[in-house]
Amino acid sequence: MPNALRTATPMADWRTFKFTSHGAKDGIKDASAAGTSFLYMIEDTVGVLLETVADHDEGVLLYHAEKIMVPKLANSVFEVGMRVYYDLVARTVTPWADSADLWIGIATEPAVAADEYVEIDLCGNKAEVENNL
């Protein structure tokens, strides 16, 4: 995981909100722990934490950024313009929709199977399950 949040847009273009962590209820964990993702879902919104949040502390969730690096599912491949889906269990993004995966944006740069991250246009406030019927 990168040491700091990587985004190509200035902070003025970010959209965020404050929340109070309820630990296991909202899935907030120590974002600096090895093997964890910094992608989270608060209510119906997917975003990234700006810093580690302890249980019952206030945190900030970044839910909109034009170019942000997020962890992707291992061995997945993204092309520019592909839809990006959030896997609630793995807390990574995928290029395909599963039954519970949420559409959260589009890929803005290609990512090959060996890449750990993909650059996306994150729009987590419009996260939705795509109807594939």
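Please read all numbers here as calculations on a predicted model, not as lab measurements. Because only heavy atoms are used, hydrogens play no part in the values below, and waters and symmetry mates are left out as well, while side chains stay in.
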(Q) I'd like to check the side chain to side chain donor-acceptor pair (under 3.5 Å) partners of T45; sequence neighbours left out, ordered by chain and number. (A) none
Q. Going through the checks in order, is the side-chain contact (heavy atoms from CB on, under 4.5 Å) test met by L49 and Y40?
A. CA-CA 7 Å; L49 292 180; Y40 294 92; 3.2 Å; yes
Q) Quick one: CG on L61 to CZ on F19, what's the gap to the nearest 0.5 Å? A) 6.0 Å
Q. Who pairs with V60 by side chain to side chain contact (heavy atoms under 4.5 Å, CB included), at least two apart in sequence or on another chain?
A. T16, K18, L50
(Q) Check for me, please, whether Y117 and I68 land in the same ILVMFWY cluster - side-chain distances under 4.5 Å, paths through other members count. (A) yes
Q: Would you mind reporting whether V46 and N125 have side-chain heavy atoms less than 4.5 Å apart?
A: no
Q. Is it the case that T108 and E119 place a side-chain donor and acceptor less than 3.5 Å from each other?
A. yes
Q. Side chains of L88 and D101: closer than 4.5 Å at any heavy-atom pair?
A. no
Q: Might you point out which heavy atoms bring D115 and P110 nearest each other, and give the distance in Å?
A: OD2-O, 4.4 Å
**Q.** Any residue meeting side chain to side chain contact (heavy atoms under 4.5 Å, CB included) with A113, in chain and number order, not counting sequence neighbours
**A.** N75, V77
Q: Of all the heavy-atom pairs spanning M41 and Y86, show the shortest one and how long it is.
A: N-OH, 4.1 Å
Q) Transitive ILVMFWY cluster of L73 at side-chain heavy atoms under 4.5 Å: who else is in it? A) W96
Q: Measure the spacing between NZ of K72 and CZ of F78 and express it to the nearest 0.5 Å.
A: 6.5 Å
**Q.** Side-chain donor or acceptor of D87 paired with backbone N/O of A90 under 3.5 Å
**A.** yes
Q | Euclidean distance, C123 SG relative to R15 CZ, rounded to 0.5 Å | A | 7.0 Å
Q: Kindly check if the number of other-residue, nucleotide or ligand heavy atoms within 6.0 Å of CG (D57) is above 12?
A: yes
Q.
Name the residue from V112, T94, V70 that meets the side chain to side chain contact (heavy atoms under 4.5 Å, CB included) definition with V118.
A. V70
Q: Mind checking the CD1-CG spacing from I104 to D121? Nearest 0.5 Å is all I need.
A: 10.0 Å
Q) Quick one: ring-ring contact (aromatic ring centres under 6.0 Å, His included) partners of Y63, sequence neighbours excluded? A) F17
Q) Which pair of non-hydrogen atoms, one from P71 and one from R91, has the smallest distance, and what is that distance? A) CG-O, 4.3 Å
Q | Donor-acceptor contact present, side-chain R83 to main-chain I106, <3.5 Å | A | no
(Q) Under the rule for salt bridge (Lys or Arg N to Asp or Glu O under 4.0 Å), what residues qualify as partners of E79, not counting sequence neighbours? (A) none
